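So that the names make sense, note that chain A is the first sequence line, chain B the second, and so on, each numbered from 1. Just so you know, these numbers use all the heavy atoms, side chains as well, and skip hydrogens, waters and symmetry mates. Nothing here was measured: the structure is a model prediction, and the numbers come from that model.
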4 protein chains.
Amino acid sequence: MAEEFEETPVKSGPRWQRKKEDRPQEILDAALELFVKQGFAATKVSQIARKAGVTPGTLYVYYKNKEAILQEVVMKALRPVFYDADKILGKYKGSAVDLLFILIEKWWDAVGGESKISGVPKLISAEASNFPQLSDFYMKSILTPAFNYIRLVLEYGIRSGEFMVKNVEVTAYAILSAFHGAVLDAHTFKIGEANGIRVGEFRDMFHDLIVHGILNKK
Amino acid sequence: MAEEFEETPVKSGPRWQRKKEDRPQEILDAALELFVKQGFAATKVSQIARKAGVTPGTLYVYYKNKEAILQEVVMKALRPVFYDADKILGKYKGSAVDLLFILIEKWWDAVGGESKISGVPKLISAEASNFPQLSDFYMKSILTPAFNYIRLVLEYGIRSGEFMVKNVEVTAYAILSAFHGAVLDAHTFKIGEANGIRVGEFRDMFHDLIVHGILNKK
Amino acid sequence: MAEEFEETPVKSGPRWQRKKEDRPQEILDAALELFVKQGFAATKVSQIARKAGVTPGTLYVYYKNKEAILQEVVMKALRPVFYDADKILGKYKGSAVDLLFILIEKWWDAVGGESKISGVPKLISAEASNFPQLSDFYMKSILTPAFNYIRLVLEYGIRSGEFMVKNVEVTAYAILSAFHGAVLDAHTFKIGEANGIRVGEFRDMFHDLIVHGILNKK
Amino acid sequence: MAEEFEETPVKSGPRWQRKKEDRPQEILDAALELFVKQGFAATKVSQIARKAGVTPGTLYVYYKNKEAILQEVVMKALRPVFYDADKILGKYKGSAVDLLFILIEKWWDAVGGESKISGVPKLISAEASNFPQLSDFYMKSILTPAFNYIRLVLEYGIRSGEFMVKNVEVTAYAILSAFHGAVLDAHTFKIGEANGIRVGEFRDMFHDLIVHGILNKK
DNA sequence: AATGAATGAGTTTTCATTCAT
DNA sequence: TATGAATGAAAACTCATTCAT
């Protein structure tokens, strides 16, 4: 088992100098970070409390139990990312290549590398079988919309003659799966970093790979 | 009496008909499946025992403790996949596109969809921060060799004039990351299935995507 | 947010319309009702507060702690019922049967069905071993006087030739025990209600039973 | 709060010298005694364990949680007392007075003074509103049969001309209520004892009281 | 006087591990 | 070897009580 760790409290000022309205969010922030890093079961309530700068009892003032914290963490984190897809796609007139880039960029900004919620997909993936509701929710509100978005982009590109795709469904799935998996993966294995590859570079290259492939067209 | 969870034993034949030499492997099989599905902390020793068709005490005849089972599960599962890369690459004379396909096929067969160990990457990903040794081991014996393999394939293709790649390192990383992530992801979210996409289809499309991209070259 | 139990406040008017002198009594009323229904340990201070229309902190303005509330509830409820027995008995000249009826009626009005404190005997019975003082107090100020009262009534009836009793002590005990137990019981099991028996009916029949028995005297 | 107490373990021999089959019953015995004395909420799991001569963890080997112990305690204790009433009544030819005595004796032996389960009615009464199932179960399997039994006895006596009763239902209720309450009460307030009244004496007098009343029939 | 968020001491519950058989 | 009842250390959870406002 990994050795015991000292958790730096997120907030360390005297308790009463901190606004009480912040308490729930402070707890969720602490919980999210620990759940993503260690998993739900391996994260102790006392760890969350320490990181949030409160005592364990306080968690139960705001949340029914540990599981309720998990639910809240996920629900709050997953503000629908693609709900305005139609709006964007409806009036779009530019190149399909650019549209795909916008999509990837959007996704990246939402759940990608830097954002606070970038770990949520990993968390959900790990707990999917223990908490199926989370997985269902993620599927419904994130993955399926994303899949549809990609498909629409591909169809747009095909109509405009820019793209050439054998099977739209499978290709959309391959793109989604690859990118989503990569983001998820990035949280754990940082081969890139080990090889000095910067995040933005990766995103661009990913876009490039999908668009051009690696084949040399003389 | 306190109730317990239901768990289908992996082996259900009468105990005395099973060879006692199989015991350790049966335990590892049961443990792997449960660890992958539920995570290490959420998997109870009694569950492993039940699934392996033994009692909790027996686990401790073969393994020091629960963590030792995890270690053994991972170590046994990760028989190096790429150690013969040099051999294959050394004498290869064919097309780079085919070589890439061989690589993907090989990986797929090793840790992909059907194989018993296909869940190990997910397991390691989930427990990476709790058991850094596992992550290190995986990195060293799987991911880095895979990364190098891809790089070699790309360089081979570039030398032969087949491939056209801006940045070999980043591209290799993008390919690895995408494919690895997709495999990992596949364990949890089955959008593909939901859309009726078969596994082989996905693998082929993935290869195609990397090779050709989606751009229409008149 | 952690959910809480529903509890209808005893007082629901705006706080500022209620006199602050009533506060302590409102707290006791709320506590009595909950203690009787749920028991001391199972009743939460926050429940009492909600029912009394105040916040938990307020309880501690008036009472040292939860136990002090119990003490006060019981002490206030048990205004001696029989302290004027001597007075009544001293000058009584009528029939013993009627005197017994008066006694039963008196008891009934004091701790019987309708009164607010009718649950106190049950409460004391339940908490007797946790709070022996309560039991002692009840014994001393209620049961023993009642026992003596009954005995005096019986002796009065015997002297007047109205009653025929083998053993005054035991009979007095049987009467007390039966009636007290019935009242206590009535709080929980309402077989009577289930069979459409009204409270007054029960009290009269009880008196009749004691006086005449069920034997047919041609 | 009542001071801390030392619980004498029911069994004190070395654990392995005691039969493991006894464990569940030992736990129930300990729990019953404590629940009756202190109430459910005021009884600590650790107390039950100590009294049963095991550690708290052991309780959870046999029972899901504290509440399950309560359920089991009650269910096991309440073996139907009156289910053979019809048999007895069907062929009975003797005096109704005697039949009533048999009934009272039977009840007394089952849940009365000495028996191990004599505290169960009190326990159920105290926890009725916290655990309505218990109350319902008691009502259905004990009180209602008892009520019907008494009614049948009364009707038998009326038919035979032995009894003279104004209202059978109400009288039956009065008898049940009085006797049941008295038994229940006896667990807490021992006025009788304080006055040197023996248990058997009380039971007989109770029977006498019901049958003859206290009125002097010259 | 009144508040109610936060506490922390205590309780319930879990479960990896042991050990007599 | 194998067992599985029992353990005990640790975790989750409860809630009477406090105290800054």
Side-chain angles (χ1 to χ4, degrees), chain A residues 1 14-21 23-24 41-49 53-69, chain B residues 2 4 15-16 20 23 41-49 53-69, chain C residues 2 4 15-16 20-21 23 41-50 53-69, chain D residues 1 14-21 23-24 41-49 53-69:
Chain A
M1 196 46 86
R15 253 185 309 284
W16 64 89
Q17 290 185 5
R18 291 149 48 200
K19 297 204 213 87
K20 70 169 191 296
E21 309 88 76
R23 213 50 33 84
T43 297
K44 310 303 166 213
V45 166
S46 60
Q47 283 183 287
I48 300 175
V54 296
T55 58
T58 303
L59 301 199
Y60 293 88
V61 171
Y62 295 99
Y63 303 99
K64 191 169 175 288
N65 54 29
K66 194 180 162 189
E67 189 175 334
I69 297 179
Chain B
E4 272 284 310
R15 249 192 306 283
W16 65 88
K20 78 166 176 265
R23 211 51 43 85
T43 297
K44 286 153 199 44
V45 167
S46 60
Q47 279 183 291
I48 300 174
V54 297
T55 59
T58 306
L59 300 200
Y60 291 84
V61 172
Y62 295 101
Y63 302 99
K64 183 168 168 275
N65 54 29
K66 193 181 168 189
E67 188 176 337
I69 297 178
Chain C
E4 273 283 312
R15 249 191 307 284
W16 64 89
K20 78 166 177 269
E21 308 87 78
R23 213 52 42 84
T43 298
K44 286 153 203 42
V45 168
S46 59
Q47 278 183 292
I48 300 175
R50 177 147 344 110
V54 298
T55 59
T58 304
L59 300 200
Y60 292 83
V61 171
Y62 295 100
Y63 303 98
K64 185 168 167 273
N65 54 29
K66 192 182 169 188
E67 188 176 338
I69 297 178
Chain D
M1 196 48 85
R15 255 183 310 283
W16 64 90
Q17 291 186 5
R18 289 150 47 200
K19 297 204 213 86
K20 70 171 190 295
E21 310 87 75
R23 211 53 30 88
T43 298
K44 310 302 166 213
V45 167
S46 59
Q47 283 183 286
I48 301 174
V54 297
T55 59
T58 304
L59 301 200
Y60 292 87
V61 172
Y62 296 99
Y63 303 99
K64 191 170 174 286
N65 53 30
K66 193 180 162 190
E67 189 175 334
I69 297 178

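- Atom-to-atom distance recorded for B:Ile48:CD1 and B:Leu59:CG is 6.5 Å, nearest 0.5 angstrom.
- Between the C1' atom of E:dT12 and the CD atom of D:Gln47 lies a distance of 13 Å, rounded to the nearest Å.
- The shortest distance between the side-chain N/O atoms of B:Arg23 and the OP1/OP2 oxygens of F:dA2 is below 4.0 Å.
- Here the nucleotide nearest the side chain of A:Thr55, chosen from F:dT17, E:dT7, E:dT17, is E:dT7.
- Put simply, D:Tyr60 has no side-chain N or O that comes within less than 4.0 Å of OP1 or OP2 on E:dT14.
- In secondary-structure terms, DNA chain E builds stems of at least 3 consecutive Watson-Crick or G-U pairs, each pair having both distances under 3.5 Å, at E:2-21 with F:2-21.
- Each of D:Val45 and B:Val45 was matched to the nucleotide of DNA chain E holding its nearest heavy atom; the match closer to the 5' end belongs to D:Val45.
- In this entry the distance linking CG of C:Asn65 with P of F:dT17 reads 5 Å, nearest Å.
- Counting to the nearest Å, the P atom of F:dT14 and the NZ atom of D:Lys44 are 14 Å from each other.
- Among all heavy-atom pairs drawn from C:Ala42 and C:Lys44, the shortest one is O-NZ, 3.3 Å.
- Nearest-nucleotide positions on DNA chain E for B:Ala41 and C:Gly57 put C:Gly57 closer to the 5' end.
- For F:dT3, the OP1/OP2 oxygens have a side-chain nitrogen or oxygen of B:Thr58 closer than 4.0 Å.
- Listed here is the closest heavy atom pair of C:Thr43 and C:Lys66: O-NZ, 2.7 Å.
- Smallest separation of non-hydrogen atoms from B:Val54 and B:Arg23: CG1-CD, 3.3 Å.
- Residue C:Ala41 comes nearest to D:Ala41 through the heavy atom pair CB-CB, 3.5 Å, listed as atom of the first residue, atom of the second, then distance.
- A:Tyr62 and A:Pro24 get closest at one heavy-atom pair: CD2-CG, 3.6 Å.
- Toward the 5′ end of DNA chain F lies the nearest nucleotide of B:Pro56, the other residue of the pair D:Leu59 and B:Pro56 mapping further downstream.
- The separation between C:Tyr63 atom OH and F:dA16 atom P is 17 Å, rounded to whole Å.
- The interatomic distance linking C:Lys66 (NZ) with F:dA16 (C1') rounds to 8 Å, in whole Å.
- Using a 4.0 Å cut-off, some side-chain N or O of C:Tyr62 falls inside it from OP1 or OP2 of E:dA2.
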